[in-house]
Amino acid sequence: MSTVYKEEPEELDDYLSADGDYDLDHEALVYEELDVDEPAIQEVKDLPTPIRNFIVVFYQSFVDNNAARLKTCYEVSFNKLSEKFYKNSTWPTASDIAPLVSNDASFLTFYTEMYYRHLHARLQPTLEQRSAALNNYVELFNMLLVQDVFPQLDLPISWCWDIIDEFIYQYNSFALYRERALKDESLSEEERNILSQPSQGWNCYGVFNVLYSMLAKSNIAESSRSKDEGEASASEYDTPHLLKYLGHFSIVGLLRVHSILGDFTLALDSMRELDLSKKAPLTMVPAAHISAYYYVGFAYMMLRRYVDAIKMFSHGLMYVSRTKQPHSKSVQYQTVARKSDQMYALLAICVSLCPVRLDESLHLSLRDRYGERLTTMQQPTKSALAIFSDLFVFAAPKFINPNAPESPLSDSLAHHLMLFLDDVESVLFMPTVRSYLKLYTSMHLSKLASFTEIEESRLREMLMLYNLKSRQKKWVSGELLSGEEVTSSDVDFYLDGDVLHINETKAGRRFSDWFLRNISRLYNVQDTINSSSKAGQERRSNRKQYKPQRTEKQAA
Amino acid sequence: MNRPESIQNILKTLDLYNKEKIPELERYCSNTDTYDFTAFTALMKIYQINPELLNIDIVSLLLIKALVFFKESDFILLAHLLPPYVLFEESNDKLSVSTKSLYSSYKALNNAEFTNFWTIIKANDSIKTLDSFESNVRVEILKVIQGTCHSLSKDLLFEYLNISSMDELNAIDPNAELVEGDIVKFHNTVEQEPKLASQTESVKFEDFSKLFAHAAATNS
């Protein structure tokens, strides 16, 4: 792995002027050093100087394959300049800046991708702009996959992730736009025709095509399989970094697309090639890592594997709290922040449906955010259901319909939400029943019926349901979809005729850890006291040495 | 699971998205004895992406098959792949009507409302096309009952299973026996024992090393 990505580019400090502000003139210095085509530059008017400098420097680093400078330009300068000059407007188009970059088509394709990304983030793209963005992607992927134009280009890894991430985001955004637009009666006939045709423009076959091709091309499957067999994988050295990263990120891309289409089993299945725990390229881009945890956790939740979902969300959230975050103005930081908010919401849902012990810090932050709501969610009331609904709508991915909707009633989110809520409704009674069951070792059904105010016959059915719902699949090892059945309830019971026999498993308190920690602490305190008292003794004995006469006199 | 190789190829490669493979997949899934959840989701996915090819009878068949395994999340996962308008109250076309009635039978099972379930089923004609459906569902319902009950009143049990004699019961579960004229007793299977989850703690030796070192240092 190239070591460039592990270090901060040395020039970063130069970018900040004395008061820590971004120094727009830095690029000017680099610009002076370059050999530029002055007459061509003069053709481009109306461009602020820092922008012009930036583009030239950017292009030059691209051509020279100067990884460090490319990374700084992409990650720092582009965002800062966007903030300053193009907060609510678009960057100059490719044709505007073409003379600056000697009309280099490949660079312009990359640049146009960033142009549209900025547009989608800050403004509302029109149908034409969306289609134009798609055409640009087609060209870009053509270059990368078919023509093999950049065998050795060292794009910064975050850029690789952003390309895939943005590609899927724009597809998602287009599908949602289409669903809304077709319901809008004021839409023009022409636009309606364009949107209703599945083969034109953004469609899921195209998206799948890109993602699967990228995967195949990067030979990921081969290299990871041969790693498992212990051989040195030749393909790892042959595959250029660019394609390898794109391949890795396209796996997360597939996970995402399958999730927004509602196919959760296939989503988890596509993660076969990727291991979340290993030190994959995935871990080098926080946004990618978090997205993976989020989507995997969500898929588990929809598969009713709450224990696994909670584990995923916990890992994701602990990772966020422990690692240094990317620069706060960047789009990636926003992704990380939003996904972590959503994961908290999903964690609240899962913990209510399947109470499990959480890590202390996580438990505290969860209680901070959702304290009251968590208590309400444990009761079988309408307001509890409303909270589940709100949290789901906030935290779920933006579900789409892969085609133009067949009926004006179509609403993907509402469809998935309804299926989810019906499931939740069937288990809302469990916490209350559990609390009563814990109080007895055996009781008559009628007694429980009087406590819970539920009719006996229905209560019997609910008890059967309780045991049914407490069983879920839990991942042990290997593929994400595999697992063995465990019970998630700490109360076990059976019905003999009309009498309930109950057995509660008390979670044993873990003493060893607590004792070890406190013993070490005690030792530390003892050592401190001893060393300070030793020091005190030494000081006292030193002082005695300085006044020998007095003691002698005293002795005398 | 005896999945033919051709189907395996479809499911594991990009042929999954190949429209020409649909008839083959449809034939495989419609086979009465086949229950291959991966194949079912694959077929539903293709229908989702190509709604003009959606075959209402096959979709209903898949959902009915998944209904039997209501204990798992199979039915719900297939339902997520349905067109997003069919389950709403207002939609009235053939697909919606058929899926809505299947969905309400699923909800009855999912809520352990077994008597209710049989009532809904009786009113639904399309389900009668699948022969083994009723007997398969009975087996699964009995499993749920036995997961909690060691014994149950005969009348209630017959109601839950929609049967009327001990012979029918013994056809499903040979070990069930009638005691005291009125109660059916199930013999304990492993599933019925209340499970005691014991928590043992394991501490690695290395964790003690600091303690021992300190103790050794202070004592010497």
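Convention: sequence-line order gives letters A, B, ...; per-chain numbering from 1. Because only heavy atoms are used, hydrogens play no part in the values below, and waters and symmetry mates are left out as well, while side chains stay in.
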Among residues 153-164 of chain B, those lying within the under-4.5 Å heavy-atom range of chain A are B/L156, B/Y160

Within a radius of less than 6.0 Å around [atom1] of [X], do more than 12 heavy atoms belonging to other residues, nucleotides or ligands occur?
{"X": "B/K100", "atom1": "NZ", "answer": "yes"}
{"X": "B/E5", "atom1": "CD", "answer": "no"}
{"X": "B/K12", "atom1": "NZ", "answer": "yes"}
{"X": "B/E20", "atom1": "CD", "answer": "no"}

Decide yes or no for [X] and [Y]: does some side-chain heavy atom of the first lie under 4.5 Å from some side-chain heavy atom of the second?
{"X": "A/K469", "Y": "B/N110", "result": "yes"}
{"X": "A/L468", "Y": "B/F70", "result": "yes"}
{"X": "A/L261", "Y": "B/K45", "result": "yes"}

What's the separation between atom [atom1] in [X] and atom [atom2] in [Y], rounded to the nearest 0.5 Å?
{"X": "A/D411", "Y": "B/F88", "atom1": "CG", "atom2": "CZ", "answer": "5.5 Å"}
{"X": "A/D423", "Y": "B/K107", "atom1": "CG", "atom2": "NZ", "answer": "10.5 Å"}
{"X": "A/L463", "Y": "B/T148", "atom1": "CG", "atom2": "OG1", "answer": "7.0 Å"}
{"X": "A/Q472", "Y": "B/E72", "atom1": "CD", "atom2": "CD", "answer": "12.0 Å"}
{"X": "B/Y85", "Y": "A/H415", "atom1": "OH", "atom2": "NE2", "answer": "11.0 Å"}

- Can you list the steps and then say if B/H214 with A/D527 is a side-chain contact (heavy atoms from CB on, under 4.5 Å)? CA-CA 10 Å; B/H214 195 279; A/D527 287 342; 3.1 Å; yes

For [X], is it the side chain, the backbone, both or neither that has a heavy atom under 4.5 Å from a heavy atom of chain B?
{"X": "A/R305", "value": "neither"}
{"X": "A/L303", "value": "both"}
{"X": "A/M302", "value": "both"}
{"X": "A/Y523", "value": "both"}
{"X": "A/Y466", "value": "neither"}
{"X": "A/D263", "value": "both"}

Nearest heavy-atom pair of [X] and [Y]: which atoms, and what distance?
{"X": "A/H416", "Y": "B/H80", "result": "ND1-ND1, 2.7 Å"}
{"X": "B/T115", "Y": "A/E461", "result": "OG1-OE2, 4.1 Å"}
{"X": "A/M464", "Y": "B/I145", "result": "SD-CA, 3.5 Å"}
{"X": "B/K71", "Y": "A/R304", "result": "O-NH1, 4.2 Å"}

Chain B shares the most heavy-atom pairs under 4.5 Å, among A/R458, A/H258, A/M418, A/R460, with A/R458

**Prompt:** How about A/Y205 and B/N50: does a side-chain donor come under 3.5 Å of a side-chain acceptor?
**Reply:** yes

Tell me whether [X] contacts the main-chain N or O of [Y] through its side chain, where contact means a donor paired with an acceptor under 3.5 Å.
{"X": "A/N403", "Y": "B/I49", "result": "yes"}
{"X": "A/S410", "Y": "B/P84", "result": "no"}
{"X": "A/S426", "Y": "B/N111", "result": "no"}

Answer key: most heavy-atom pairs under 4.5 Å with chain A among B/L77, B/I183, B/T41, B/L16 is B/L77

Of the listed B/L152, B/L87, B/V86, the one with the largest count of heavy-atom pairs under 4.5 Å with chain A is B/L87

Honestly, the part of B/F75 sitting under 4.5 Å from a heavy atom of chain A is neither

